[in-house]
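Just so it is clear, the structure is predicted and the values come from calculations on it, not from any experiment. Note on naming: letters A, B, ... go to the chains in the order of the sequence lines (proteins, then strands), and numbering restarts at 1 for each one.
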Amino acid sequence: MPQSAVLSREFFTAPALQAARRLLGCRLVRLDEGACQESGARRYQGASEVRGARESRGARLAGIIIETEAYRGEEDQGCHARAGRTPRTEVMYGPPGHAYVYFTYGMHWMLNFVVEAEGYPAAVLIRAIHPEEGLEVIASRRNHLPPKQWTNGPAKICQALRIDGRLNGVDLCAPGAELFVEAPLGGSPIPDERVASGPRVGLNNVPEPWRSIPWRFQARLEGMVIE
DNA sequence: AGCACGATTAACT
DNA sequence: GTTAATCGTGCTC
């Protein structure tokens, strides 16, 4: 196994657009303690096991981030922080490098990473990943649909990786976190030629310029060799 | 207390 | 292409 470099607090302190662009090609990792009964997943070693306890504690589920969107500031009419500080948006005003997980449409969870300076509300929505670890658990959670439909949407990622409100506010940079991001070993892995930007999705009732501002970033992995 | 709508998805015609 | 599902959130009364 190659050494993994977990993204630091400094990474998430960057401006939202920069963070959204640089997250492409990084690996989203979910250490899912609740997946220990499901078959086929690689087990990870829980802290208690390192200290000598008996059983492994869950599955390591992971994928390469291939689509993101930036949301920043109370002026951004597409951002939840347009309502200011509320119980829901409080996490976005907190320190960078934490998860902002929210519930919408009465049934779906969405995963974001809080970015920029503490006190300034900004986040990056994770819209799609290319699954690489824990494929059997992911397939099961995604009802054994074709692999292309496993994690090609923000709510699908949360269903596949079992991300819900319990993970709202968790620190992605804390040792032993159950959710974190690994940098690619060789620096920025996705060249600009393979990255497209465009308007954010699903803001149909949001006024311009926020509705069309190109704060969505998509990577194409076809033909790329991912180590 | 009531209401409109949502950073979506799956299943339709 | 259209639409139902389903409930937390923020806004108005």
S.K.: Among the clusters formed by ILVMFWY side chains lying less than 4.5 Å apart, do A:Leu24 and A:Val201 turn up in the same one?
M.R.: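 No, no single cluster joins them.
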
S.K.: Let me spell it out: for each of A:Leu125 and A:Lys156, pick the nucleotide of DNA chain B with the closest heavy atom. Which residue's pick is nearer the 5' end?
M.R.: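 On the 5' side of the pair lies A:Leu125.
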
S.K.: For the P atoms, the ones on B:dC5 and on C:dT3, what distance do you get once it is rounded to whole angstrom?
M.R.: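 Their P atoms lie roughly 16 Å apart.
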
S.K.: Is the charged tip of A:Arg22 near the ring of A:Phe11: under 6.0 Å from the six-membered ring centre and within 45° of its axis?
M.R.: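 No, A:Arg22 and A:Phe11 do not form such a contact.
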
S.K.: May I have the distance from A:Trp109 (atom CH2) to B:dA7 (atom P), rounded to whole angstrom?
M.R.: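 After rounding, the gap between these two atoms is 14 Å.
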
S.K.: Distance check needed: B:dA7 C1' versus A:Trp215 CH2, whole Å only.
M.R.: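 About 13 Å, once rounded to whole Å.
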
S.K.: Find the distance A:Ile157:CD1 to B:dA7:P and express it as a whole number of Å.
M.R.: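 My rounded result for the distance is 16 Å.
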
S.K.: If a pair means Watson-Crick or G-U wobble with both distances below 3.5 Å, what does DNA chain C look like in dot-bracket form, with | marking bases paired to a different strand?
M.R.: |||||.||||||.

S.K.: Can you tell me the distance, in whole Å, between the NE2 atom of A:His108 and the P atom of B:dA10?
M.R.: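 Rounded to the whole Å, the gap is 7 Å.
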
S.K.: Does anything in residues 76-91 of chain A come within less than 4.0 Å of DNA chain B? Heavy atoms only, and list the residues if so.
M.R.: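 By residue number: A:Gly78, A:His80.
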
S.K.: I want to verify a distance call: between C:dG8, B:dT9, B:dA7, whose nearest atom is closest to the A:Phe103 side chain?
M.R.: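 Nearest nucleotide to the side chain: C:dG8.
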
S.K.: Side chains of A:Arg127 and A:Phe217, heavy atoms from C-beta outward: is any pair under 4.5 Å?
M.R.: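 No, every pair of side-chain atoms sits at 4.5 Å or beyond.
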
S.K.: Decide whether A:Leu135 and A:Leu28 are clustered together by the hydrophobic rule: side chain heavy atoms of Ile, Leu, Val, Met, Phe, Trp, Tyr closer than 4.5 Å, transitively.
M.R.: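 Linked within one cluster.
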
S.K.: How close or far is atom P of B:dA11 from atom CE of A:Met107, stated in whole angstroms?
M.R.: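 Going from CE in A:Met107 over to P in B:dA11 covers 13 Å.
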
S.K.: Near DNA chain B, counting only heavy atoms under 4.0 Å, which residues of residues 200-210 of chain A show up?
M.R.: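 Those residues whose heavy atoms fall under 4.0 Å from DNA chain B, taken from residues 200-210 of chain A in numerical order, are A:Val201, A:Gly202, A:Leu203, A:Asn205.
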
S.K.: Is it true that A:Arg9 and A:Asp171 have a side-chain N and a carboxylate O under 4.0 angstrom from each other?
M.R.: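 Salt bridge flag = yes for A:Asp171 with A:Arg9.
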
S.K.: Measure the acute angle between the ring planes of A:Tyr100 and A:His80, then classify it against the limits of 30° and 60° as parallel, tilted or perpendicular.
M.R.: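 A:Tyr100 and A:His80: perpendicular rings.
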
S.K.: Students often get this wrong, so: under 4.0 angstrom with heavy atoms, is A:Arg216 touching a base, only sugar-phosphate, or nothing?
M.R.: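 Answer is nothing: A:Arg216 stays at 4.0 Å or more from every strand.
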
S.K.: Measure from CG on A:Asp164 to P on C:dC7 and round the result to the nearest Å.
M.R.: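 To the nearest whole Å, that distance equals 15 Å.
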
S.K.: Less than 4.5 Å apart, any side-chain heavy atom of A:Leu61 and any of A:Glu133?
M.R.: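 The answer is no, as the side chains (C-beta and beyond) never meet within the 4.5 Å cut-off.
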
S.K.: What about A:Tyr120 and A:Leu125, same hydrophobic cluster or not, with Ile/Leu/Val/Met/Phe/Trp/Tyr joined at side-chain heavy-atom distances under 4.5 Å?
M.R.: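 As far as the 4.5 Å side-chain criterion goes, A:Leu125 and A:Tyr120 are not connected within one cluster.
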
S.K.: Going only through I, L, V, M, F, W and Y residues with side-chain contacts under 4.5 Å, is there a path from A:Tyr93 to A:Val115?
M.R.: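 Unlinked, A:Tyr93 and A:Val115 end up in two clusters.
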
S.K.: Scan side-chain atoms only and decide if A:Gln149 and A:Arg142 contain a donor-acceptor pair under the 3.5 Å cut-off.
M.R.: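 Absent: no donor and acceptor within the cut-off.
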
S.K.: Counting C-beta onward and ignoring hydrogens, is there a side-chain heavy-atom pair between A:Val29 and A:Val6 closer than 4.5 Å?
M.R.: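 A side-chain contact is absent here, since even the closest heavy-atom pair is not under 4.5 Å.
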
S.K.: How close or far is atom C1' of C:dT9 from atom CG of A:Asn168, stated in whole angstroms?
M.R.: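 Those two atoms, CG and C1', are 14 Å apart.
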
S.K.: Do the side chain of A:Glu208 and the main chain of A:Ser212 share a donor and acceptor less than 3.5 angstrom apart?
M.R.: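 Present.
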
S.K.: Rounded to the Å, how far apart are A:Tyr105 OH and B:dG6 C1'?
M.R.: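 For the pair A:Tyr105 OH and B:dG6 C1', the rounded distance is 5 Å.
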
